[in-house]
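Contents: one structure, followed by commentary.
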Number of protein chains: 2
Amino acid sequence: MATQTGVPEVVVERLPQYLRALAHLKESGIEVISSQQLGDLLQVTPAQIRKDLSYFGRFGKQGRGYAISNLLAQLRSILGLDQTWNVAVVGIGRLGRAIISYPGFEPEGFRIVCAFDSDKAVVGQWAGGLMIHDFSTFKKVAGAEGVQIAVVAVPAAAAQDVIDQLVDAGIKAVLNYAPKSTLAPADVRIRNVDPVVALQSMTYYLSAAR
Amino acid sequence: MATQTGVPEVVVERLPQYLRALAHLKESGIEVISSQQLGDLLQVTPAQIRKDLSYFGRFGKQGRGYAISNLLAQLRSILGLDQTWNVAVVGIGRLGRAIISYPGFEPEGFRIVCAFDSDKAVVGQWAGGLMIHDFSTFKKVAGAEGVQIAVVAVPAAAAQDVIDQLVDAGIKAVLNYAPKSTLAPADVRIRNVDPVVALQSMTYYLSAAR
DNA sequence: TAGATTGTTAATCGATTAACAATC
DNA sequence: TAGATTGTTAATCGATTAACAATC
């Protein structure tokens with residue numbers, strides 16, 4: 001039995017970029033695109049696009065390129081975006097409320113179905129149409145709501161503890177807005193959204209002539 | 001003359017992570033740390049930490065490790081964080097206002113000094129203590145304010161046009177919140193903050209058993 | 001001094017790119 | 001058919017890791 005190496009994570013992370021560009025092209029009425037043209041658009045080499053796609057199947061036609069509608073559907077299916085995902089938001093402060101109100105999730109199939117906080121003064125209130133639950137009830141409430149993904153928007157000092165409890169409740173995917181690098185078991189995916197860290201690596205290039 | 005290869009970008013992007021962990025350790029009163037201990041904390045190999053740091057200098061002591069205060073100061077200096085950076089926010093909708101009000105930038109040395117929008121109904125209003133300028137006046141106003149970094153929070157459809165104009169005004173670093181991959185000259189750094197893209201690569205691992 | 005840990009070189013690993021036969 | 005472009009293999013490139021002499 002051959003060892004299943006799997007698809008490199010860096011490849012999986014590029015697929016949503018392809019998806020977005022293709023969706024945009026489709027809206028413009030374009031029906032077919034070559035790896036060369038898509039590469040020009042995204043500033044990656046055509047070889048990389050073809051190699052990336054080849055991990056998953058053969059989606060193109062020689063001499064012609066890729067049918068955009070078909071490739072879109074294939075990528076959506078590969079990424080698991082042909083279904084709706086139920087999301088819980090933990091930490092309903094200023095940032096958590098902005099996340100709940102952000103209109104960009106729902107059209108992409110991410111439905112925020114419940115909200116949690118551990119501050120008794122906030123629990124029981126409503127935010128963006130959702131009742132705020134006590135975080136200590138996460139496992140029960142999130143389980144009942146079929147939550148598969150958690151968004152963490154708590155203060156840095158609380159982030160690790162919250163993530164430990166999410167892991168304990170069986171959550172396997174966390175979008176972390178807390179400015180803290182956190183640890184989780186290898187089978188739990190964490191993506192950090194951290195504008196300050198993003199800025200801090202750009203200033204390196206702004207300082208002096210580099 | 002040897003070709004100056006420069007520091008790999010992936011190394012520069014790890015430095016803020018080191019910085020954050022070290023700042024946290026310092027607050028806990030810890031004064032010295034080995035690459036082994038820091039690696040355990042961040043889940044990277046000690047060899048990687050030593051190699052990364054070696055691009056910039058020799059900051060440790062054999063047999064002992066790194067003096068945290070000193071390493072922090074060195075990293076801050078390397079990243080250009082021993083100065084304040086002036087930031088402009090472009091696009092003052094719901095998201096732009098949340099960014100202006102986000103309390104995490106100022107303590108890290110990123111000062112939001114001006115705000116822009118191109119909607120005449122919004123220009124002239126105030127948001128978070130800043131008057132909203134017409135984006136057509138960006139070059140003049142941002143120049144006068146000494147802006148070095150722009151944050152883009154406009155709709156996807158407007159993002160490329162806005163970034164073109166920022167580049168034209170001499171901006172070399174853009175933090176892009178618009179859900180769109182954008183192009184810019186090689187000497188202009190762009191970092192994308194895009195929670196939907198982050199979610200879309202996690203769902204791959206959630207679908208089926210991978 | 002003995003023990004620990006750095007800084008750096010060399011080996012390994014994995015990702016990207018180039019090249020081209022297959023084929024639309 | 002001639003031209004274009006895929007899918008895939010092999011070559012290249014670059015990043016990570018292991019190993020260890022130097023040295024605190």
Side-chain angles (χ1 to χ4, degrees), chain A residues 2-18 21-22 25 30-75 78 186 201 204, chain B residues 2-18 21-22 25 30-75 78 186 201 204:
Chain A
T3 307
Q4 172 68 345
T5 306
V7 180
E9 180 145 358
V10 67
V11 172
V12 175
E13 286 173 8
R14 277 193 294 263
L15 299 188
Q17 310 288 347
Y18 299 163
L22 291 164
L25 288 164
I30 298 167
E31 291 178 0
V32 175
I33 195 165
S34 68
S35 58
Q36 176 73 55
Q37 293 169 305
L38 187 58
D40 288 348
L41 213 60
L42 292 171
Q43 302 221 280
V44 302
T45 63
Q48 179 159 85
I49 291 171
R50 297 201 302 276
K51 185 80 161 81
D52 284 355
L53 296 178
S54 77
Y55 283 103
F56 307 98
R58 271 163 287 179
F59 308 122
K61 285 227 190 317
Q62 284 100 325
R64 212 165 135 60
Y66 301 86
I68 289 177
S69 282
N70 173 55
L71 186 53
L72 265 173
Q74 298 280 359
L75 288 177
I78 291 161
S201 64
Y204 172 79
Chain B
T3 307
Q4 172 68 346
T5 307
V7 180
E9 181 145 356
V10 67
V11 171
V12 174
E13 286 175 8
R14 277 194 294 264
L15 299 188
Q17 310 288 349
Y18 299 164
L22 290 164
L25 289 165
I30 298 168
E31 291 178 359
V32 175
I33 195 166
S34 68
S35 58
Q36 176 71 57
Q37 294 170 305
L38 188 57
D40 288 348
L41 212 60
L42 291 171
Q43 303 219 280
V44 301
T45 64
Q48 179 159 86
I49 291 171
R50 296 202 302 277
K51 186 80 161 83
D52 284 356
L53 296 177
S54 77
Y55 284 103
F56 306 98
R58 272 163 286 180
F59 308 122
K61 284 226 191 318
Q62 284 101 327
R64 208 163 140 61
Y66 300 86
I68 290 177
S69 282
N70 173 55
L71 186 52
L72 265 173
Q74 298 280 357
L75 288 176
I78 290 162
S201 65
Y204 172 79

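Source: prediction; values computed, not measured. Numbers restart at 1 for each chain; the letters A, B, ... are given by sequence-line order, proteins then strands.
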Given the rule that a pair is Watson-Crick or G-U wobble with both distances under 3.5 Å, how would you write DNA chain D in dot-bracket, using | for pairs to a different strand?
..||||||||||||||||||||||
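- Annotation: salt bridge (charged side-chain N to carboxylate O under 4.0 Å, His left out) contacts of A:R14 (sequence neighbours excluded): A:D52.
- Heavy-atom contacts of chain B under 4.0 Å fall on DNA chain D between two terminal nucleotides, which in 5' to 3' order are D:dA15 to D:dC24.
- Applying the salt bridge (charged side-chain N to carboxylate O under 4.0 Å, His left out) test to A:E9 and every residue at least two apart in sequence or in another chain returns A:R189, A:R191.
- Shown here for B:Q37 and B:S34, the closest heavy-atom pair between the two residues is OE1-N, 2.9 Å.
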Take A:I78 and A:V12 through the side chain to side chain contact (heavy atoms under 4.5 Å, CB included) test and state the conclusion after the steps.
CA-CA 9 Å; A:I78 291 161; A:V12 175; over 6 Å; no
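- Each of B:Q37 and A:Q62 lies near DNA chain C, and the nucleotide nearest B:Q37 is the one positioned closer to the 5' end.
- Between the CG atom in B:L71 and the CD1 atom in B:I68 there is a gap of 8.0 Å [rounded to 0.5 Å].
- Rounded to the nearest 0.5 Å, atoms CZ (A:R58) and CZ (A:R50) are 15.0 Å apart.
- Within residues 40-54 of chain A, the residues approaching DNA chain C are A:T45, A:A47, A:Q48, A:R50, A:K51, by heavy-atom distance under 4.0 Å.
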Check against side chain to side chain contact (heavy atoms under 4.5 Å, CB included), B:L15 and B:F56:
CA-CA 11 Å; B:L15 299 188; B:F56 306 98; 3.6 Å; yes
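- Among residues two or more places apart in sequence or in another chain, the side-chain contact (heavy atoms from CB on, under 4.5 Å) test is passed with B:V44 by B:L42, B:Q48, B:I49.
- No side-chain heavy atom of A:Y66 sits less than 4.5 Å from a side-chain heavy atom of A:L22.
- Nearest heavy-atom pair, B:S201 versus A:P16, reported as atom, atom and distance to 0.1 Å: N-CG, 4.0 Å.
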